[in-house]
Amino acid sequence: MRSAIVLSVMLAVVTGPALQASAAAGKQEAISRFVLGNQAYKQGNYDQAVTEYQAIITAGMASGEVYYNLGNAYFKKKQLGLAIANYERALQLIPRDSDVNFNLRHARSLTQKRVVTDQPNLIQVLMDNHIGYYTFDEMVIILTVLVLVLGAVLLLGWIFKWSRYIQMGLRTVIGVMIIMYAVGLWYKCVTQADRAIVLRPVSANFEPREEATSHFDLPVGTAVKVVTTKDGWVKVRRADRRLGWIPGNALEIL
Amino acid sequence: MTYRFAPILALAGALLGSVILWTGPVNRAVAKSDITVEATVDSNSVALGSEINLAITFKGTKDVTDIIIPDIDGFEKRYIGPFTNISIVNNSYTESVSHRFKLLPLRTGNFQIPTFHLELNGEQFSTQPIAVTVTDPAAGGGNQQQISLNDKIFLQLQIENSNVYLNEPVVAKVFMFYSDIKVRDIQYPKIEHIGFIDEAFGQPKQYERVIDGRRFRIIEFTKLIYPTRTGELTVGPAQLQCSIVFRAKNRRSRSPFDDGFFGSMFESYESRPMVLTSLPVMVTVKDLPKEGMPADFGGAVGQYSFNATVSPTEVQVGDPITLRMYVEGRGNLKAINFPEVVSEEDFKIYDPIIKEEGQTKTLEQVLIPKSTTVKEVPKVAFTFYNNETDKYETVEKGPFKLTIKEAEQAEDFRVVGLQEQQPVIMSQEKLGEDIVFIKDDPGRLRPVGHRVYRNWMYYAVVGLFALLYLGGYLLYRVTHRMETDQSFARRRQASRIAQTDLKVLHKKIIEKPGQEFYDHLFQLFQQYIRHKLQLPAGKASVAVIRAKLEPYQVEEEILKEIGKIYAECDAIRYASRAVKEGDMQASHQRVVKVIEYLERKIR
C-alpha cells in the first residue's frame, strides 16, 4: 500500500510538469488559431474564420469569446441557426457579456417570428433572470461558499455565545440564500440539459420518417429539448411541450 | 422487523414461483412454426369521409417491432402503432402483436386490400386479400356513379382577367368547396405567383351553392395581385391546409351503449389534416402601350383620383410650407411614384414622408421658400394608365399661389417652424442594424466541458474547511462540557494531574527518598481517586473505593493493588516502617498500573 502511494506521488511529480507543459502548449496553439481566425474575419474570409475557431474547439479548448466570434462568423455566412447555437454556448460561459446578449437578440430577431414559446409565469421569469446572470461554475462556487459560511456562523455562534437573535437572523439569511442558489442550480441543470437549436426550417412529424404526418413547423433558431434519438431522427420537445420527430442533421445540440 | 415481513415475503415468493412454474413450460412450447399472420379490417363497408381500421396481426410472437406495407389503391393509409396481446387460458399461453393502420377512402367503389407478403425471422408470410366497399353517404342506399374524396372537397383558383397589363391589379380568388363532409382548422390559402406581388387576403365569404345536384358549402378568399414583369406567367397552384372530421369507429363490443340513443350520444370524432391543391392558371402580362405615353408617366396602372394641397400660403422667408399629395384608387400603390414639382433654386426641399393607408397613398413634403421672389408652388400632375378605358390619364392640380414676406431681423435667431401652427417635420433617422464586432481577446481558455466540481482542488478546499469545522466543533464540545459538566471536568482533571504528577514523582524516587516520597505518592493517588470517582475529601477509604468501583466490574487484582497502595503508604507514613531498596520503584509502578487501568476502564 505504502509503495503504491509512493509510486503515485512519484508519477505525479514526474508527469505533473509534463502535463502542465502540454496544457500550456494547447493554450498557446488555441491563442494563435484565435488570432488567425480574427484576421480571416476582418478580411471577410468567414469560412476560414470558422475553420480556425472550430479547430480550437476540436482541440478541446474553449472560451465564451471563441464561441462568440464563431457565432459572428456563422452569422456573416447567413447560417443563423449555427450563429444562435454558438451565441447560446458563449452565453453559458460569459452570461453577463452585453455583446453576446445583443448579437443573440439580433440573430433571433432575423429568424421567423413564429417561434412558439410558452408564456412564462413570474417565477419562471425570476428564475431565468437569476440563473441567466451566473455561469454554472459561479453558481457551484457561490453555493459552496454559502454552505461554508453557514458552518462558520454556526460554529462561531456557539464558541463566542452570540445572542440567539443574531444567530437566528444570520442562519435564516444564509439558509434562504442557500435554498435560492440550490434551486437555481437545479433549475439550470434541468433547463440547460439536452438543449438544441434548429438549424433550418423543418417540419416535426408524428413518426420518425419523411412521409409521416407533420405535427408542427420549427423555424430556424428555435430552442428545443432532445427527448430521444432513433435511426438518425431526433424526438424533440418544443417550449409548448409538443413533441415531434425531426431529422438529426436539422439541429445542433448545445 | 425481518420476522414481521417473513409471511409476506414467503407469499410473494410462492406466487412468483407458481407463476414461473405455470408459465415456464407453456412458454417453451411456443415454436417458430406456430407463428401465423392475418390481416383484418373492422368493417368491409365504409362511407366516403370515414375511416376503417386495418390490423395486421402476428399470432405466436410479439417481437415484431415494425412493418412496412405498400400503398393501397383507393385509400390513404396512416400507421397507428403496435398493440400486443398476451393471454393464458386453460394453461395455454398465447401472445400476438397487431400493427394497426387507419385507411381513409379516396373514392367510392369496390376495392381490395391486397395480399401483403411479410418476412419474419427469414420465414415468409402472406395475408388474405380483403374486399372493401366505399359508399357515398349522401346518395343513400341507391346505386350511384363513382365519387372520390376530391369530388367532395376541393380547391379552385380563379383569376378575373387573364390578359393584363404590367402593374395592373388582378383579382385572384380561391374557392374552397366541400359537401357532405365536416371540415375544421381551415387556414388561409397560399398562392404561388412568381412575377407578381400580392396583398393580404381579405375577410373570406361563406355561402352555399348547388352544383350538379349537390349542395356545396363554399369559402371564397380574395386578394389582389400585381404583375411585375411581362410574358406568360403562371399563378398557382393554390394550397390550403385544413382538417377533415369523421366519426371514429367504436372499439367496444357487446356493450349496451353501442346502438341507438346511447350510441349517438357517446360517439367520438377524429380529424385528419389535409392539404388541398388547386390547378394553376396562366396569365398573359402585356407591356403598357407606348403610344400616347406621357413623359412623366411613373408606372401607375388602375383607376385613381389625385389631389394636392399647399399650406400655409402666407409665410415669411425661411418658414416651412407643406405640400401634400393624395392618390386614391384601385391599383398597385407600391408602383406609384409622386411627381417632383419644385426646383431647389426657389425652395429648400426636405425628404418627403410617404404613407400608405388602405387604398390611399399620401406624400407630405416640407418646402422652405428662399426669397420673396417666389410667388407660387408650380402645378403638380399625376399620370396613370386607366386599364378600364385603356388610356393614359393625367390629373393636374395647382399652381398654388404664395405670399412670401421678408423675414424680420429677430427671425435670424428663431427656430424655424416652432412658432407656427405647423409642426416641424423631421426626417426620421434610420439606424443601421448589425451584430457587434468580434472580440480580440480570447478570454479564459479552458478545456471544453470544464466544471469546477471536476477539479480535485475544489474537493481539497472543501475537505480542508470541513476538517477545520470538525476540529472546531470537537473543541467546542469539550470546552462546553468542561464548563457545564462538573463530574466530566473532575475526571478530566484527575487524568491530567495523574499524567503530569506521576512523571514529577518518578524523579523524586532518587531526590527525596523515604517518607516524603510516600506522602506525595499517597496525596497524588488519593486526589486522583477522589476526582475520578467523585468522592468528597476524607471519604476516599479502601472500602468506599471498592464500593464505588463495583459497577465498573474492576478486576480483583486491581482492587487488591489499591489496598496494597493504601497499606504501604500508611505503614511508612504512620508506623515509620523502613523503606527498602526498590520499594519506592515498586509502589510507583503499582500506582501507575492502577491509574492506567482505571483510565481505560472509566471514561
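Please read these numbers as outputs of a predicted model, since none were measured by experiment. For the numbers below, each heavy atom of this structure counts, side chains included, while hydrogens, waters and symmetry mates do not.
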With a 4.5 angstrom heavy-atom cut-off, could you sort out which part of A/Ala152 is near chain B: side chain, backbone, both or neither?
-> both
Chain A contact via B/His480 - side chain, backbone, both or neither, heavy atoms under 4.5 Å | neither
Among the options A/Leu156, A/Leu154, A/Asn38, pick out the one with the most heavy-atom pairs lying under 4.5 Å from chain B.
-> A/Asn38
A/Tyr87 versus chain B, heavy atoms under 4.5 Å apart: side chain, backbone, both or neither?
-> side chain
Chain A contact via B/Arg451 - which portion, at a heavy-atom distance below 4.5 Å | both
Lys/Arg-Asp/Glu bridge criterion (N-O < 4.0 Å) met for B/Asp73, B/Arg107 = yes
Is any side-chain heavy atom of B/Tyr453 less than 4.5 Å from a side-chain heavy atom of B/Tyr459?
-> yes
Does the ring center of A/Phe75 lie less than 6.0 Å from the ring center of A/His106?
-> yes
How far does OH of A/Tyr74 sit from OH of A/Tyr67, to the nearest 0.5 angstrom?
-> 11.5 Å
Portion of A/Ile159 that has a non-hydrogen atom of chain B nearer than 4.5 angstrom = both
Check each atom of B/Asp441 against the heavy atoms of chain A and say whether the ones under 4.5 Å are side chain, backbone, both or neither.
-> backbone
Quick check, are the ring centers of B/Phe101 and B/Tyr79 under 6.0 angstrom apart?
-> yes
Residue part contacting chain B, namely of A/Asp97, when any heavy atom lies under 4.5 Å = side chain
If you tally heavy-atom pairs under 4.5 Å between each of B/Gly449, B/Ala466, B/Pro447, B/Gly81 and chain A, the highest tally belongs to B/Pro447
Is chain A contacted by the side chain of B/Gln241, its backbone, both, or neither, given a heavy-atom distance below 4.5 Å?
-> neither
Where do A/Leu91 and A/Leu104 come nearest, in terms of heavy atoms and distance?
-> CD2-CD2, 3.8 Å
Do A/Arg209 and A/Asp231 sit within salt-bridge range, that is, some charged N less than 4.0 Å from a carboxylate O?
-> no
Establish, yes or no, whether a centroid distance under 6.0 Å links the rings of A/Tyr134 and A/Tyr181.
-> yes
Select one option (side chain, backbone, both, neither) describing which atoms of A/Glu207 are under 4.5 Å from chain B's heavy atoms.
-> side chain
From the list B/Asp434, B/Val448, B/Ile438, the residue making the most non-hydrogen contacts under 4.5 Å with chain A is B/Ile438
